[in-house]
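Encoded as structure tokens, the structure appears first; notes follow it.
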Amino acid sequence: VQTWYAAGSWLNSKIKIQIYSGSNDIYKAKLVHSQTFEYNITEANSTGELLTIHLDNNILIYPNEHFFIAFAAHQSP
């Protein structure tokens, strides 16, 4: 999966990836995969960059099936 991420002053952060499918309504879709990606940089980056995060497992999505990918980040200690 890919996302644009601007860590700002967070030199160490964790990005949580969640994939939902099975409905065209995100509130009714089922969580089919969740994982955390650690992102570490040596200097602040307010511009950001495109991150490609390889999933731990392959996820089967059928043709025309609705799915959602949610990203959430928080600073690591």
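Reckoned from all heavy atoms, side chains included, excluding hydrogens, waters and symmetry mates. Just so you know, these numbers come straight off a predicted model, no measurement behind them.
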For [X] against [Y], the heavy-atom pair lying closest together:
X     : Y     : value
Glu65 : Leu60 : OE1-O, 4.3 Å
Ser9  : Ala44 : CA-CB, 4.0 Å
Ile61 : Phe67 : CG2-CD2, 3.7 Å
Ser46 : Ala6  : O-CB, 3.7 Å
His33 : Asn57 : CE1-ND2, 3.8 Å
Asn24 : Phe68 : O-CZ, 3.7 Å

- Task: Mark yes or no for whether Ser23, through its side chain, and Asp25, through its backbone, hold a donor-acceptor pair below 3.5 Å.
- Result: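 At least one qualifying donor-acceptor pair exists.
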
Approximate separation, where rounding is to 0.5 Å, of [X] [atom1] and [Y] [atom2]:
X     : Y     : atom1 : atom2 : value
His66 : Ile26 : NE2   : CD1   : 12.0 Å
Thr3  : Phe37 : OG1   : CZ    : 11.5 Å
Ile69 : Leu55 : CD1   : CG    : 7.5 Å
Ser21 : Leu31 : OG    : CG    : 9.0 Å
Leu50 : Gln2  : CG    : CD    : 4.5 Å

- Query: Pick from Ile15, Asp56, Ile19: which one makes a side-chain contact (heavy atoms from CB on, under 4.5 Å) with Gln35?
  - Reply: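 Among the candidates, only Asp56 passes.
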
- Does CG belonging to Asn58 count more than 12 external heavy atoms closer than 6.0 Å?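 12 or below, so no.
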
- Task: Group every Ile, Leu, Val, Met, Phe, Trp and Tyr by side-chain heavy-atom contacts under 4.5 Å, then state whether Tyr20 and Ile59 land in the same group.
- Result: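 Cluster IDs for Tyr20 and Ile59 differ.
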
- Task: Determine, using the 4.5 Å side-chain heavy-atom cutoff (strictly less than), whether Tyr39 and Trp10 are members of one ILVMFWY cluster.
- Result: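 They do share one cluster, since a chain of ILVMFWY contacts under 4.5 Å joins Tyr39 to Trp10.
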
- Query: Going by heavy atoms in the side chains, are His54 and Thr52 under 4.5 Å from each other?
  - Reply: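 Side chain of His54 against side chain of Thr52, heavy atoms only: contact under 4.5 Å found.
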
- Message: I want to check something: taking the side chain as every heavy atom from C-beta on, are Asn64 and Tyr62 in contact at a cut-off of under 4.5 Å?
- Response: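 SC-SC contact between Asn64 and Tyr62 ruled out.
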
